[in-house]
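Here's the structure, in C-alpha cells; my notes come after.
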Amino acid sequence: SGGRSNCFDTNGSIQVTSADGQGGYFIAGNFTSVTDASGSHARNGLVRITASCGVDSSFQPPPNLPGVPGQTYAVRGITALAINDGRLYVGGDLRITPPPPHAPDDVPGIVIAINPSSGARDQTFPALELPASVRAPSSMVPQSTGLRVATRNALLSVSPAGAGQLLEPMPTSVRRL
C-alpha cells in the first residue's frame, strides 16, 4: 500500500498535506484511490479527510482544468496546498494535452484555486502558469494580501485576483491562462 495512516490508506504516495480548518485535512499525491473504514474511493491525487477519519464524499475536485480550445490543462504531481480566504490553493506541475514542445525537465508550474467544501474549480481565480524556469511550487503560505509561493529557485507574491509578481531571484513573467 502507499500512504497509510490510522484511518485511511492510499494506493500511492502522499506528497503534501494541509489542515482544512475544521479538524480534517487535505492530502495530495500520486494516488488514484483512498480506502477508509467505509471502503475504497476513487480519487485522482487529491482528497479531503474529515475529522472523523472518513473520506469526504462531497469534496470532488475536477481532474482537469479549463484550457484554450484544443488543449486541456491539468495539475500533475501536486506539490503544494494552502487554505486562504475560503479557497484551497493547489500548486504543482502543469500538464497540457496535447503537450507543448517542452523538454522533459522544462515543465512549467501552475497554481489554481478550488472550493474547499465541494472541490469545484474557483473560476474567480485564473489558473496561474509559472514559467518553466521557475518550476512548480514547493510551498505556499497564506498572506493577508494573497499568497507567497516558493519554488526551488524563486519566491512569488500572488494576489487574491490571481496576479503574480516575482519577488526574487529571476526577472521573468508570470502568465495567466
When rounded to the nearest 0.5 angstrom, what distance separates [atom1] in [X] from [atom2] in [Y]?
{"X": "D56", "Y": "T50", "atom1": "CG", "atom2": "OG1", "result": "7.0 Å"}
{"X": "F125", "Y": "S159", "atom1": "CZ", "atom2": "OG", "result": "7.0 Å"}
{"X": "T17", "Y": "I27", "atom1": "OG1", "atom2": "CD1", "result": "8.5 Å"}
{"X": "N44", "Y": "T32", "atom1": "CG", "atom2": "OG1", "result": "7.5 Å"}
{"X": "D36", "Y": "F8", "atom1": "CG", "atom2": "CZ", "result": "10.0 Å"}
{"X": "F59", "Y": "S117", "atom1": "CZ", "atom2": "OG", "result": "9.0 Å"}

Notebook entry, point to check: Between S157 and R148, does any side-chain donor sit less than 3.5 Å from a side-chain acceptor?
Noted result: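 Their side chains do contain a donor-acceptor pair, which is all the 3.5 Å distance test asks for.
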
Notebook entry, point to check: Can you tell which of N11, D9, T10 makes a side chain to side chain contact (heavy atoms under 4.5 Å, CB included) with V34?
Noted result: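 Of the listed options, the one satisfying the test is T10.
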
Check: Among N30, T79, I78, which residue meets the side chain to side chain contact (heavy atoms under 4.5 Å, CB included) test with Q15?
Finding: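 Answer after filtering N30, T79, I78: N30.
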
Margin query: Contact between L155 and V149 at the side-chain level, heavy atoms closer than 4.5 Å - yes or no?
Written below: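 A side-chain contact is absent here, since even the closest heavy-atom pair is not under 4.5 Å.
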
Next item on the list: Measure the shortest side-chain to side-chain distance between L147 and V141 over non-hydrogen atoms and say whether it is less than 4.5 angstrom.
Entry: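 Not touching, per the 4.5 Å side-chain cut-off.
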
Check: Is the side chain of S138 donor-acceptor paired with the backbone N or O of A150 at a distance under 3.5 Å, no angle test?
Finding: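 Between the backbone of A150 and the side chain of S138 there is a qualifying donor-acceptor contact (under 3.5 Å).
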
What are the two closest heavy atoms between [X] and [Y], and how far apart are they?
{"X": "A19", "Y": "I83", "result": "O-CG1, 3.7 Å"}
{"X": "R121", "Y": "I114", "result": "CA-CG2, 3.9 Å"}
{"X": "P160", "Y": "Y89", "result": "CA-OH, 4.5 Å"}
{"X": "G86", "Y": "P116", "result": "O-CD, 3.2 Å"}
{"X": "N84", "Y": "G146", "result": "ND2-O, 2.9 Å"}
{"X": "G162", "Y": "L128", "result": "O-CD1, 3.1 Å"}

Next item on the list: Could you check H41 against V47 for side-chain contact (heavy atoms from CB on, under 4.5 Å), going step by step and ending with a plain yes or no?
Entry: CA-CA 10 Å; H41 308 269; V47 65; over 6 Å; no

